[in-house]
Structure formats: C-alpha cells, structure tokens
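All ligand and atom numbering here is 1-based and tracks the order in the structure.
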Amino acid sequence: MKKTFFYLASAVLLAACSQNPETETLSEDNSTTTVSARRSCPSEEIRAELLKRDAGARERYANIEAVANSFQGKVLADGTVDIPVVVNVLYKTSAENISDARIAEQIAILNADFGGTNTDASKIPTEFSGVKAGDTKVRFHLVKTVRKATTKTKWGTNDAMKKSSTGGIDATTPNSYFNLWIVGNMGGILGYATFPESSGLWNDGVVIAAPYFGKTGATAPYNLGRTATHEVGHYLNLRHIWGDASCGNDLVADTPTQTGANYGKPTYPLYNTCSGTSRSVMFMNYMDYVDDAAMFMFSAGQKVRAQSVLTSTGARSGLRVY
Ligand code: ARG
Ligand code: ZN
Ligand code: CA
C-alpha cells in the first residue's frame, strides 16, 4: 500500500519538473543573467533523482509521508522550534559576498514569514483568512557564517557548492544545523532545496543565488527574501501548491487544487477548473511561483505538514533546540 503510494507519487514527480521551459541568457563574460519570468523547480527534480538511486531515501520518504498523514497538528511539545542556521557564502565578486546585515535581514524575513507577522499578511483575502497558517511555530537563528572566495562564475544544481573538494563549502553537521549556501549565479534558478528524506546527508539544505537573497540590494521582482521562504518550505516537506502536475496534489487539504503554477503578480480572484470544479486559487501562497511581492501566506495545512517533520520523532528532529 505504502509502496503503491510511493511509486505513484514518484511517477508524478518524475513527470513533473520538465514542464516549464526556461529561457536564460548568460553573456560572454558571464556577467549578465536574465531570469525567465517562468520559474523552474529543481528541488522536486533533485528529490526524484535521489529516490531513484537510493533505497534508504525511498524508505525515509515513505515514513515521512506516513507520519505527515497521521500527524494531528498539536502544538509542538516544546512550543516553537527555533532552527539553528549556518550560512555558507561562496563569492567571486564583492557584491556576491553578501553582508552580515543582509544575512540578518534574510533571517528576519524567514521569521516574519514563518511567524505570520509579515506586513503583507494583511493582503490575505478574506476567503483564505480562515485557513491561513498564522504562526507556524518555526523560527530561525543564525549560528555562524562561513565565507569562501571562489573563481567560479556559475553554479548548477549538482551540489558542487556543498563540498570543498568541488570548490564549495562542506555542510556543518547537517543533521543538527540547517545549512544554507549562497552562490553568485545559477542562471535561471533562484534557489533549490533538499526535502526531509535528505536529512543529515552531506548535501542537505538550501541554496540561493546571491541576487535573490535578502532584500537590500537584491534583484526585482525576487527581492523580498521569499526565495528562501519558498525553499525552506521544501526543506520542511512542503510541495509546490499545484502538486507539480496539471491539477496535481500538494498533499495539503486546505490549499485549493489549481491547474498549474502561477507567475508574476496575478489579480485576485483567479479561478481554475479541475475535474469540472471551478475554484478560486491560492496563488499568494509561498509555494507557488509568483513574484516575491505577490506571495504572503502559508496555509494551516502546510503548517501541520511542516511541523510534523520537526516533532521529537520527525525526520528533522535533529534541528530542535532544547
Ligand atoms: N526554485 C524556484 C526557482 O528557482 C524558487 C522560486 C521562488 N519564488 C520567488 N518568488 N522567489 O525559481
Ligand atoms: Zn520550489
Ligand atoms: Ca491542496
């Protein structure tokens, strides 16, 4: 039964990530990048690859989902979980050597977004205010920043930045610290994440391209620190809200099924029809692909899912601060 679910789910995932063709320009000297307005989803692609080759990860994945589906959403036993963060900065130019102030700003954005205290939470439509997460009871605090100069101008999604032997920075004990890497440029990719079945592995964590990290000096329309909010959502087991398929399933009941990803700054209300039912979709959710200024909420169901990996027996229990 579990197995059947897994094979079905992975088939969906494997099929999903190639849907958004992406245009990307990189000039001769590697200095300019035009990021397509259509976002792309390397996190699910990376998960699918891991599950394909690693039986242990497949088993952890099945267990995480079993726990997520039975978790009742009680407040975590020790109240709020304050996740310790290690920021690893790989820089070629001084602009890529993100300042301590901008790192603090990004941590503050994560705390506001996960705490439901983001100022734009006031824009949540009345229709969705009953299912908003409010405070997810997840917080973040910076433990240390590791910096390393590099000659590399462009990074991919092959995790090279996570190993010193490939020019990166080794993760600091990924079982007990949330590792975040900042790299100068990943072409059209703003960032990517590993899901909880990667918990504690050498490559576990989130990568963000410097122009989309923090706020001050970041590049519009991805300059409100929400790439980190979105990727940390994945790190805590949240799926894309459209389920990476046409009318797909994000395994969260209170996020309305939608036909696909949304981009830019959609106007509310936006209706989609799936299986003959028309619904107003929650494009303002952090797990959609809209611009930073157009996303400002998690749902109550997403909160429960994220919390379930942080309980004392959850896949990411190593992050709990006692
Ligand atoms: N992994 C996605 C990408 O690279 C992140 C999208 C985040 N969206 C945002 N508005 N910041 O495109
Ligand atoms: Zn994503
Ligand atoms: Ca849903």
Side-chain angles (χ1 to χ4, degrees), residues 12-13 16-17 19-24 33-48 68-69 106 109-110 113 118 120 128 131 155-157 183 185-195 206-215 218-245 247-266 272 274-275 277 279-305:
V12 169
L13 293 180
C17 281
Q19 305 189 132
N20 299 318
E22 163 168 328
T23 45
E24 153 194 333
T33 304
T34 308
V35 172
S36 164
R38 295 183 73 80
R39 309 263 30 88
S40 68
C41 59
S43 305
E44 286 289 2
E45 221 164 35
I46 288 157
R47 184 226 286 273
N69 294 327
Q106 177 66 75
I109 292 165
L110 284 172
D113 289 354
N118 50 304
D120 50 1
F128 298 132
V131 295
W155 300 80
T157 54
V183 297
N185 182 353
M186 286 191 283
I189 301 209
L190 311 182
Y192 72 96
T194 53
F195 282 85
V206 163
V207 186
I208 313 266
Y212 316 112
F213 186 90
K215 204 153 132 179
T219 304
Y222 308 110
N223 55 348
L224 295 179
R226 258 97 194 228
T227 298
T229 303
H230 175 106
E231 300 307 336
V232 173
H234 287 316
Y235 179 80
L236 296 176
N237 211 24
L238 302 187
R239 304 287 183 86
H240 289 135
I241 191 170
W242 68 99
D244 287 286
C247 297
N249 186 357
D250 65 350
L251 308 180
V252 173
D254 61 12
T255 54
T257 305
Q258 61 184 54
T259 52
N262 293 294
Y263 303 91
K265 296 182 176 60
N272 283 184
C274 288
S275 314
T277 303
R279 298 177 182 87
S280 165
V281 301
M282 198 187 279
F283 64 79
M284 67 295 294
N285 192 283
Y286 295 122
M287 302 316 290
D288 205 326
Y289 271 169
V290 295
D291 291 350
D292 280 17
M295 49 169 64
F296 33 78
M297 71 178 288
F298 285 119
S299 78
Q302 287 175 322
K303 165 180 171 171
V304 170
R305 238 182 110 75

Taking [atom] as the reference point, the nearest protein heavy atom with its distance:
atom	answer
atom 8 (N) of ligand 1	Met295 CE, 3.9 Å
atom 3 (C) of ligand 1	Ser40 O, 3.3 Å
atom 4 (O) of ligand 1	Leu190 N, 2.8 Å
atom 11 (N) of ligand 1	Asp292 OD1, 2.6 Å

Might you work through the side-chain contact (heavy atoms from CB on, under 4.5 Å) test for Tyr212 and Thr219, ending with a clear yes or no? CA-CA 6 Å; Tyr212 316 112; Thr219 304; 4.0 Å; yes
Any N or O of [X] that comes nearer than 3.5 Å to an N or O of ligand 1?
X	answer
Pro42	no
Val290	yes
Asp288	no

When you look at His230 and Tyr222, which way does the side-chain contact (heavy atoms from CB on, under 4.5 Å) test go after all the steps? CA-CA 11 Å; His230 175 106; Tyr222 308 110; over 6 Å; no
Asn249 N/O/S atom closer than 3.0 Å to the Ca ion (ligand 3): no
Is the distance from the Ca ion (ligand 3) to some N, O or S atom of Ile241 under 3.0 Å? no
What do you reckon, does Tyr192 put a non-hydrogen atom under 4.0 Å from ligand 1? no
Ligand 1 contact by Leu224, heavy-atom criterion under 4.0 angstrom: no
Given Gln302 and Tyr286, is the side-chain contact (heavy atoms from CB on, under 4.5 Å) satisfied, shown in steps? CA-CA 10 Å; Gln302 287 175 322; Tyr286 295 122; over 6 Å; no
Among the N/O/S atoms of Asp250, the Ca ion (ligand 3) lies closest to OD1
Among Asn272, Asp250, Asp288, the one residue meeting side chain to side chain donor-acceptor pair (under 3.5 Å) with Gln258: Asp288
Looking only at side-chain N and O atoms, does Ser43 offer a donor or acceptor that is under 3.5 Å from a partner on Glu231? yes
If the plane angle is over 60° it's perpendicular, under 30° parallel, otherwise tilted; pick one for His234 and Phe195. tilted
Tell me the closest heavy-atom pair linking Pro221 and Lys265, and the distance in Å. CB-NZ, 4.1 Å
Might you point out which heavy atoms bring Asn223 and Lys215 nearest each other, and give the distance in Å? O-CG, 3.3 Å
Any donor and acceptor pair, going by atom type alone, linking the side chain of [X] with main-chain N or O of [Y] inside 3.5 Å?
X	Y	value
Arg239	Asp244	no
Asn262	Val290	no
Arg47	Pro42	no
Asn285	Met287	yes

Atom indices of ligand 1, in the order listed, that fall short of 4.0 Å to a heavy atom of Ile189: 4 (O)
So the atoms of ligand 1 within less than 4.0 Å of a heavy atom of Tyr222 turn out to be 9 (C), 10 (N), 11 (N)
So which protein N/O/S atoms does the Zn ion (ligand 2) have within less than 2.8 Å? His230 NE2, His234 NE2, His240 NE2
Ranking Arg39, Met287, Glu231, Met186 by closest non-hydrogen atom to atom 1 (N) of ligand 1, top hit is Glu231
Any heavy-atom pair between the side chains of Leu190 and Ile208 that's under 4.5 Å? no
